[in-house]
Amino acid sequence: MSIVEISNSEYLELLLDTAPEHQDLYWCIRTKMQLRKVQSLSGYNLQEQLEEVDLRFKELNENI
């Protein structure tokens, strides 16, 4: 068995590339946490991506 490690930015990229039909409320939470982590570590402004995740969260909550 091999252990594979990925960077914070690679994990974020995987989350952001998730197909819309697989983006659930849990995805929103994980993605927002990872965006904030990468933003904190890198200093990049990821506000646009955070707003997109918030919008998706609202869409999912309306359908409940």
Side-chain angles (χ1 to χ4, degrees):
M1 179 168 88
S2 304
I3 296 176
V4 176
E5 291 186 31
I6 61 173
S7 69
N8 287 317
S9 59
E10 289 171 325
Y11 180 56
L12 178 58
E13 186 176 356
L14 288 172
L15 287 170
L16 294 175
D17 286 343
T18 301
E21 62 268 16
H22 299 293
Q23 295 176 354
D24 57 4
L25 295 174
Y26 185 61
W27 173 88
C28 291
I29 293 168
R30 289 183 302 168
T31 304
K32 190 162 186 175
M33 287 175 49
Q34 191 64 21
L35 280 164
R36 293 209 182 271
K37 182 177 185 177
V38 170
Q39 182 173 273
S40 175
L41 291 172
S42 69
Y44 290 123
N45 184 358
L46 301 174
Q47 192 59 40
E48 185 177 318
Q49 290 82 1
L50 286 165
E51 289 171 2
E52 289 178 19
V53 173
D54 286 339
L55 179 63
R56 181 66 176 143
F57 184 80
K58 287 179 185 178
E59 289 173 358
L60 291 167
N61 272 328
E62 289 173 357
N63 294 330
I64 293 179

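Every value quoted in this text rests on a predicted model; they were computed, and no experiment measured them.
Residues passing the side chain to side chain donor-acceptor pair (under 3.5 Å) test with Glu10, sequence neighbours excluded: Ser7. Glu59 meets the salt bridge (Lys or Arg N to Asp or Glu O under 4.0 Å) test with Arg56; sequence neighbours excluded. Applying the salt bridge (Lys or Arg N to Asp or Glu O under 4.0 Å) rule to Asp54 yields the partners Lys32; only residues at least two apart in sequence or on another chain are considered. Here Asn8 pairs with Gln34, Lys37, Val38, Leu41 under the side-chain contact (heavy atoms from CB on, under 4.5 Å) rule; sequence neighbours left out.
Rounding to the nearest 0.5 Å gives a distance of 10.5 Å between CG of Leu16 and OH of Tyr11. Annotation: the span from Leu35 atom CG to Leu15 atom CG amounts to 8.0 Å, rounded to 0.5 Å.
Residues Met33 make up the rest of the hydrophobic cluster containing Ile29, defined by ILVMFWY side-chain heavy atoms closer than 4.5 Å, directly or through other members.
Side-chain heavy atoms closer than 4.5 Å link hydrophobic residues (I, L, V, M, F, W, Y) into clusters, and following such links, even through other members, never connects Leu12 to Leu55.
Looking at Thr31 and Thr18, their side chains never come closer than 4.5 Å, going by heavy atoms from C-beta outward.
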Just distance, no hydrogens or angles: give the donor-acceptor pairs under 3.5 Å from side chains in residues 45-53, sequence neighbours left out.
residue : atom : partner : partner atom : Å
Asn45   : OD1  : Gln47   : N            : 3.0

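Within 6.0 Å of atom CD in Glu5, 12 or fewer heavy atoms from other residues, nucleotides or ligands are found, so the atom counts as exposed in its surroundings.
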